Amino acid sequence: MNIQKTYNLLLDLFGPQDWWPAETWFEVVIGAILTQQTRWESVERAISNMKSRGITTAEDVVGTPLEELEDVVRCTGFYKQKSRRLLATAKYFAENGYGALKRRSMGRLRRELLAINGIGPETADSILLYALDKPVFVIDAYTKRICECMGMERTDYNSLQKLFEGALPEDAELFKEYHALIVEYGKQYCNKKNCDGCVLKSC
DNA sequence: AGCCAGGACTGAG
DNA sequence: CTCAGTCATGGC
């Protein structure tokens with residue numbers, strides 16, 4: 001599998017995706033947590049619920065009763081966990097401040113995010129890349145599945161991540177676009193229900 | 001009617 | 001480190 005070539009093919013196939021679909025950096029954070037094992041359409045509904053209640057910033061979330069948060073994110077499933085995860089993450093951002101965090105090193109940020117209960121590698125990296133503009137390559141279920149489909153031996157998260165990062169220039173915008181393209185491709189051509197028409201096999 | 005969605009945590013082997 | 005069970009609502 002040629003990682004560069006695959007990118008060009010996907011970009012050619014779908015065009016620029018302009019991810020992440022959000023209006024503010026904190027909306028990216030919210031979405032990163034709520035989209036865990038959940039379709040994006042449900043996440044949009046939850047974010048819409050939050051907006052209509054005036055909950056838009058990290059400080060807003062911190063000031064919202066847990067019960068109300070549960071109510072608002074219920075439509076994304078796992079609502080008891082997610083409401084708590086959202087609250088814990090909002091506290092982290094409210095206490096530290098966006099500007100200060102942006103200046104912090106990626107390694108430190110990643111460790112701090114992973115220390116929050118409910119934030120695993122993919123959620124942490126999504127936040128790092130799409131909310132904080134740090135050059136990390138996000139690995140998700142589609143990435144793993146596509147790589148396996150193309151005959152790659154299965155590896156753990158960090159190894160697969162290093163593989164992509166090592167094959168590409170360290171460019172946050174490129175990483176954003178590539179991950180978005182992988183998700184789009186995965187949704188259409190490489191998921192549990194459907195894994196044919198694999199145009200990527202030529203890579 | 002089931003199966004699945006842009007995961008993470010826990011406990012066991 | 002790998003693996004199953006768990007969390008839960010909504011779409012097809």
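In this text, all values refer to a predicted model and were calculated from it rather than measured experimentally. Sequence lines set the chain letters: A, B, ... in the order given, protein chains first and strands last, and positions in each chain run from 1.
- Applying the ring pair (Phe, Tyr, Trp, His ring centres under 6.0 Å) rule to pairs touching residues 20-42 of chain A yields A:Trp20-A:Trp40, A:Trp20-A:Tyr130, A:Trp25-A:Phe93, A:Trp25-A:Tyr98, sequence neighbours excluded.
- In this structure, the aromatic ring of A:Tyr142 is not positioned over the six-membered ring of the base of B:dG6 within 5.5 Å between centres and 30° between planes.
- A side-chain donor-acceptor contact under 3.5 Å links A:Gln17 to the backbone of A:Gly15.
- For A:Phe164 and A:Phe175, the gap between ring centers reaches or exceeds 6.0 Å.
- Rounded to an integer number of Å, the gap from A:Asp125 CG to B:dG6 P is 18 Å.
- A side-chain donor-acceptor contact under 3.5 Å links A:Lys82 to the backbone of A:Leu34.
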If a protein heavy atom is under 4.0 Å from the base, mark B; if only from the sugar-phosphate, S; if neither, -; do that for nucleotides 6-12 of chain C going 5' to 3'. -BBSSS-
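- Of all the residues in residues 126-135 of chain A, not one reaches under 4.0 Å from DNA chain B with any non-hydrogen atom.
- Here, C:dA8 and B:dG2 have their P atoms 23 Å apart, quoted to the whole Å.
- In terms of modelled atom types and a separation under 3.5 Å, the side chain of A:Asn194 and the main chain of A:Gln188 share a donor-acceptor contact.
- In this structure, A:Ile146 places its CD1 atom 12 Å from P of B:dG6, rounding to the nearest Å.
- Sequence order on DNA chain B of the closest nucleotides to A:Asn191 and A:Ile116 puts A:Asn191 first from the 5' end.
- When the C1' atom of C:dC3 is taken as reference, atom CG of A:Asp156 falls 15 Å away, rounded to whole Å.
- The separation between A:Leu34 atom CG and B:dA5 atom P is 18 Å, rounded to whole Å.
- Evaluation of A:Trp40 against the base of B:dA5 yields no stacking contact (centre distance < 5.5 Å, interplanar angle < 30° required).
- Distance noted for atom C1' between C:dG5 and B:dG6: 22 Å (whole Å).
- The backbone N or O of A:Ile3 lies less than 3.5 Å from a partner atom in the side chain of A:Tyr178, making a donor-acceptor pair.
- A:Gln161 places its CD atom 15 Å from the C1' atom of B:dG7, with the value rounded to the nearest Å.
- Residue contacts for A:Ile119: at a heavy-atom cut-off of 4.0 Å it reaches the sugar-phosphate backbone alone, with no base atom in range.
- Between A:Ile139 and the options A:Glu122, A:His179, A:Gln161, a side chain to side chain contact (heavy atoms under 4.5 Å, CB included) holds for only A:Gln161.
- Rounded to an integer number of Å, the gap from CD of A:Gln17 to C1' of B:dG6 is 13 Å.
- Judged purely by distance below 3.5 Å, without hydrogens or angles, the side chains of A:Asn191 and A:Tyr185 never pair a donor atom with an acceptor atom.
- With rounding to whole Å, A:Arg84 atom CZ is found 19 Å from B:dA8 atom P.
- Between the side chain of A:Glu68 and the backbone N or O of A:Thr64, no donor-acceptor pair lies under 3.5 Å.
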